[in-house]
Amino acid sequence: MTANAPAAPVVSLTGFSAEYRTRLGVTRALDGIDLDVARGELLAIVGESGSGKSTVSQAIGRMLPRVCHVTSGSVHVLGRDIASLAPDAIRALRRESLGFIPQDPIASLNPTMRIRRQLELALRPLGRPTDLESLTELLASVKILEPDRVLRLYPHEVSGGMAQRIAIALTMAREPEILIADEPTASLDAQVRDEILTLIVDLVQRSGASLIWISHDLGAVRRWCDRIVVMHQGRIVEEGPAAQVLDEPRADYTRTLVAAIPGRQDPTTKEAE
Amino acid sequence: MTTYSLPLSKRKRAVKTRPPRDALFIAAACALGLIVLVAVAAAVIPFAGDPARIVGPRLSPPSAAYPFGTDALGRSVLARLLEGTRTTLVLSTLAVVCTAVISVILGLVAGYAGGWAREVIMRLSDVLYSFPSIVLAILIAAVVGPGQAAVLSSIVLVTVPLMTRMVSAAAMSVAKRDFVTTAKISGVSAPVILFRHLLPNVSGTIAVQGTYALSVGILVEGGLSFLGYGVQPPRSSLGLLIQEGGSYMLQAPWLLFAPAAVLVVAILSINLIGDTMRDRLDPRETRSLV
């Protein structure tokens with residue numbers, strides 16, 4: 001799929017570096033990241049906690065926390081340098097082109113509003129219909145059973161899997177060109193995890209969007225993604241086609257990650273045997 | 001695994017007998033409700049008579065004809081007390097509503113925007129907060145001039161700093177939650193995030209702080225009227241009645257006792273209601289079964 005993708009990337013980070021400046025000191029978060037994401041590509045960013053994966057996703061939406069300072073480089077989204085965009089323009093870019101599926105689905109929904117109200121608030125500014133029938137259809141499209149009943153519920157009354165389906169429906173209803181999923185299944189059990197991943201990939205492929213999927217689940221990444229970027233200490237240590245990176249890792253860190261997959265051995269150890 | 005140090009039967013009994021706090025809350029709500037009801041009803045049906053009319057001899061003690069006695073001019077203390085309670089409650093409530101509107105806007109902006117906006121709002125609050133409340137109230141009353149406007153503006157300026165701080169802290173915590181991030185990345189505008197996402201989630205804090213502000217408001221009104229900067233005669237307020245009663249404390253103690261008792265019960269009730277609300281809305285409050 002990567003080979004067939006058009007040349008112009010939808011997301012492009014060039015020499016991008018950022019650091020967190022807190023009272024405790026300065027921590028380098030990203031160090032000279034060069035990354036292109038092609039249209040329609042399914043890209044996974046993997047690495048241990050603190051390697052800078054989420055900071056990359058935040059940088060793409062210009063959503064870096066206040067304590068994170070960009071020290072060099074640029075981020076282009078759909079050909080536009082996001083650092084130079086005015087607040088209205090960046091908001092329009094986020095609304096029209098970026099989708100974000102968070103880690104904790106329940107926390108991604110406002111606890112004080114019924115699901116229907118949240119869908120209405122999200123869809124109305126886009127000029128999308130918000131009548132009961134349209135909202136029911138929207139929930140049915142993410143395979144929610146009894147959607148009319150779910151519309152009347154508060155977030156705390158739905159399961160984690162259902163909340164994630166609602167979050168996906170909310171995001172995909174905007175038809176984003178770039179979907180960022182930050183460990184979207186981390187808080188779900190194994191069976192639901194598989195259903196949710198299948199749903200995300202299916203929706204992304206049908207809409208032709210690009211997926212930037214931040215994950216620790218290398219098995220699922222290998223199954224679903226075209227390309228993997230491996231991050232360690234704010235740097236990209238390896239990238240390439242998913243199967244190639246995971247089956248024949250070149251970087252020591254990638255080998256360590258691969259060896260940590262349950263039921264797999266360090267490829268170098270295997271070779272030595 | 002959760003373990004309990006008491007058998008189930010005893011734990012059930014503990015649950016049933018747990019809430020002396022609930023009993024206090026109910027008593028406080030009833031007391032405050034009664035005060036408000038009687039004060040408001042007296043405005044609609046003047047069962048206690050006209051507070052401005054001289055109805056009997058001067059400084060007459062409580063009797064069947066004058067249930068709370070008469071004051072130094074021969075006016076019914078009961079009628080004046082009901083008018084005074086109403087004035088105090090109306091002024092304090094109005095001031096707290098103004099405080100809530102100002103504090104919610106400032107607190108939400110400070111909590112959500114952060115940066116220099118937060119710094120400016122918080123430092124201004126700190127400046128106001130650094131004055132003892134009654135000193136600040138007297139200062140404002142001296143500038144504005146004695147009267148209801150002085151009471152209103154004093155209560156607002158005394159109560160705004162604390163409520164702004166609390167709303168700001170609550171908003172800052174909510175602003176970091178995922179649903180706000182999701183709304184931001186969805187391109188939702190700042191006013192919608194502030195008033196549709198943040199405001200409902202800090203409403204508990206606003207309600208609790210509102211009760212504290214109300215009790216502070218009643219105290220400030222009482223203090224200012226007592227000092228002669230607040231409500232002016234012939235109108236009455238609890239503070240003014242206490243000040244008048246203080247002059248005749250030895251000859252006619254009922255003049256002091258009735259408004260002071262209403263003031264104490266009202267403030268105590270509001271604080272108890274506020275405490276209960278805070279405990280109920282505070283997720284850190286543990287409700288052990290044993």
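All heavy atoms count here, side chains included; hydrogens, waters and symmetry mates do not. Every chain is numbered from 1 and lettered A, B, ... according to where its sequence line falls, protein lines coming before strand lines.
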Proximity breakdown for Arg117(A) and chain B, heavy-atom pairs closer than 4.5 Å: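 For Arg117(A), side-chain heavy atoms alone lie under 4.5 Å from chain B.
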With a 4.5 angstrom heavy-atom cut-off, is it the side chain or the backbone of Leu121(A) that approaches chain B, or both, or neither?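 Looking at Leu121(A), just its side chain touches chain B.
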Which atoms of Ser203(B) approach chain A - backbone, side chain, both or neither, heavy atom under 4.5 Å: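 For Ser203(B), there is no contact with chain A at all, as no heavy atom is under 4.5 Å.
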Engaged part of Lys176(B) at the chain A interface, taking heavy atoms whose separation is under 4.5 Å: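 Nothing of Lys176(B), per the 4.5 Å heavy-atom cut-off to chain A.
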Please name the pair of heavy atoms, one in [X] and one in [Y], separated by the smallest distance, quoted to 0.1 Å.
X	Y	result
Arg94(A)	Lys184(B)	CD-O, 3.5 Å
Asp178(B)	Ala107(A)	CB-O, 3.4 Å
Arg196(B)	Asn110(A)	O-ND2, 3.5 Å
Arg177(B)	Pro111(A)	NH2-CG, 3.4 Å

If you round to the nearest 0.5 Å, how far is CG of Leu170(A) from CZ of Phe179(B)?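 Going from the CZ atom of Phe179(B) to the CG atom of Leu170(A) covers 13.0 Å.
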So which of Ala190(B), Ala183(B), Ala113(B) has the largest heavy-atom pair count under 4.5 angstrom toward chain A? Ala113(B)
Should we count CZ of Phe131(B) as having more than 12 external heavy atoms under 6.0 Å?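 No - once you tally the heavy atoms of other residues, nucleotides and ligands closer than 6.0 Å, there are 12 at most.
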Taking Met63(A), Gln103(A), Arg174(A) one by one, which has the highest count of heavy-atom pairs under 4.5 Å against chain B? Arg174(A)
